[in-house]
Amino acid sequence: MIQTPYYLIDKSKLMRNMQVIDRLREGSGAKTLLALKCFATWSVFDLMREHMDGTTSSSLFELRLGREKFGGETHAYSVAWADHEIDEAVSHADKIIFNSIGQLTRFEAASAGIQRGLRLNPRFSTSGFDLADPARPFSRLGEWDVSRIETVMDRITGFMIHYNCENRDFGLFDEQLGRIEREFGRLLERVQWVSLGGGIHFTGEGYPVDDLAARLKAFAGKFGVQVYLEPGEAAITNTTTLEVTVLDLLNNGKDLAIVDSSIEAHMLDLLIYREPARLPRTGDHEYQICGKSCLAGDIFGDARFERPLKVGDRISVQDAAGYTMVKKNWFNGVKMPAIAIRELDGSIRLVRDFGYEDYASSLS
Ligand SMILES: Cc1ncc(COP(=O)(O)O)c(C=O)c1O
């Protein structure tokens, strides 16, 4: 048995998402690039690259990881490139997408050898969280002024427009894409490619994948563009668990179980967005599942079990891949979860473990 804590990626579940991506690619002609900001665990890229066209990035290091570990088409995007990064970024990328006209102009000569794009901010989005809303007031994420963008059209071949956030509603997607067509059509018809970013929850249960495919195909045909999607969460949703062990049980007016992990260190995104972890929910025995860091609010959430918990029991926390493994950290020096993969034949393989040396070498 592998020592907890560890993230367990199930390749059969990953395969299910990849088959939906295959269907979408075939039906729409769109290309799909994995958004590394969401998931960058490269041990499963061998499976993913059979079903996705490449990667997109948010920094020089993600860009390089995508080029070296995934291959295929490699899009480079960063909110702002530094002068000392740009040559290396260009050397790894097939396309570079600038966030602003200022950056596009500054690095015009440095990026002359590859295709360039610009991030377009449509000034609306589907995000319910201010923190993650690219259309929030004074957003720095992309350009929106059509007349200003028109002045640089000769320098770019495409646009990236990221405006969806876990959007499960195809009707809303359809409506907002229509708005983009109306408001930005005269720009779109002058480029060769448009990336619609990530945030479309098309691998979710019951999502009308074929309707999405048809809509994307119509969009591509209308403007004569290659469409890209940049799925992060949709590619890896429901594929991974965080496996933990109960270390202690307390009752302070409520049954509490302390596990050998920490939401602050190992599932930080949930804490940031104040969402509970997905824990077992059947049975009469209710416990609050707590992390072992010193943070008072290091709480995964409430869980229910068929039997009373005891020290040494193992618990699986669901959906632990997206924005989770990429954000794990060394808070409190809590042991970082190892990474294991359940192969298609059911066997489990440990691919990475972390120890004291990794902790010490992350500081100096
Ligand atoms: C530019 C861009 N592309 C793609 C993504 C991936 O989004 P998701 O993981 O919701 O699919 C994001 C997420 O923030 C993004 O900012």
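Just follow the structure's listing: the first ligand is 1, and inside any ligand the first atom is 1. Side-chain atoms are counted along with the backbone in the values below, which use heavy atoms only and exclude waters and symmetry mates.
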Review point. So, is Gly232 polar-close to ligand 1, with some N/O to N/O distance under 3.5 Å?
Key: yes
**Study point:** From the candidates His75, Arg119, Glu230, Glu233, the one that places a heavy atom nearest atom 3 (N) of ligand 1
**Key:** Glu230
Review point. Are the charged groups of Lys254 and Asp302 less than 4.0 angstrom apart, N to O?
Key: yes
Exercise for review: Quick one: name the residues clustered hydrophobically with Leu33, using the 4.5 Å side-chain heavy-atom rule over I, L, V, M, F, W, Y, and just say none if it's on its own.
Suggested key: Tyr77, Val79, Ile97, Leu141, Met160, Trp193, Tyr228
Check your understanding: Of the protein's non-hydrogen atoms, which lies at the shortest distance from atom 16 (O) of ligand 1, and what is that distance?
Key -> Lys37 NZ, 2.9 Å
Practice item. Say whether Arg116 and Ser111, considering side chains only, have a donor N or O and an acceptor N or O under 3.5 Å apart. Key: yes
Review point. What part of Glu166, side chain from CB on, backbone N/CA/C/O, both or neither, has a heavy atom under 4.0 Å from ligand 1?
Key: neither
Exercise for review: Classify the contact between Tyr323 and ligand 1 as side chain, backbone, both or neither, using a heavy-atom distance cut-off of under 4.0 Å.
Suggested key: side chain
Review point. Can you tell me if NZ on Lys327 sees more than 12 non-hydrogen neighbours from other groups inside 6.0 Å?
Key: yes
Check your understanding: Hey, is Arg106 close enough to Glu108 for a salt bridge, meaning N to O under 4.0 Å?
Key -> no
Practice item. Give a yes/no verdict on whether any heavy atom in Met160 is under 4.0 Å from an atom of ligand 1. Key: yes
Review point. N/O of Gly199 under 3.5 Å from N/O of ligand 1, yes or no?
Key: yes
Check your understanding: Do Asp358 and Lys335 sit within salt-bridge range, that is, some charged N less than 4.0 Å from a carboxylate O?
Key -> no
Review point. Can you list the atoms of ligand 1 that are under 4.0 Å from a heavy atom of Gly198?
Key: 3 (N), 4 (C), 6 (C), 7 (O), 11 (O)
Review point. Got a salt bridge between Glu150 and Arg186, using NZ or NE/NH1/NH2 to carboxylate O under 4.0 Å?
Key: yes
Review point. Which one holds for His162 and ligand 1: side chain close, backbone close, both close, or neither close, with close meaning a heavy atom under 4.0 Å?
Key: side chain
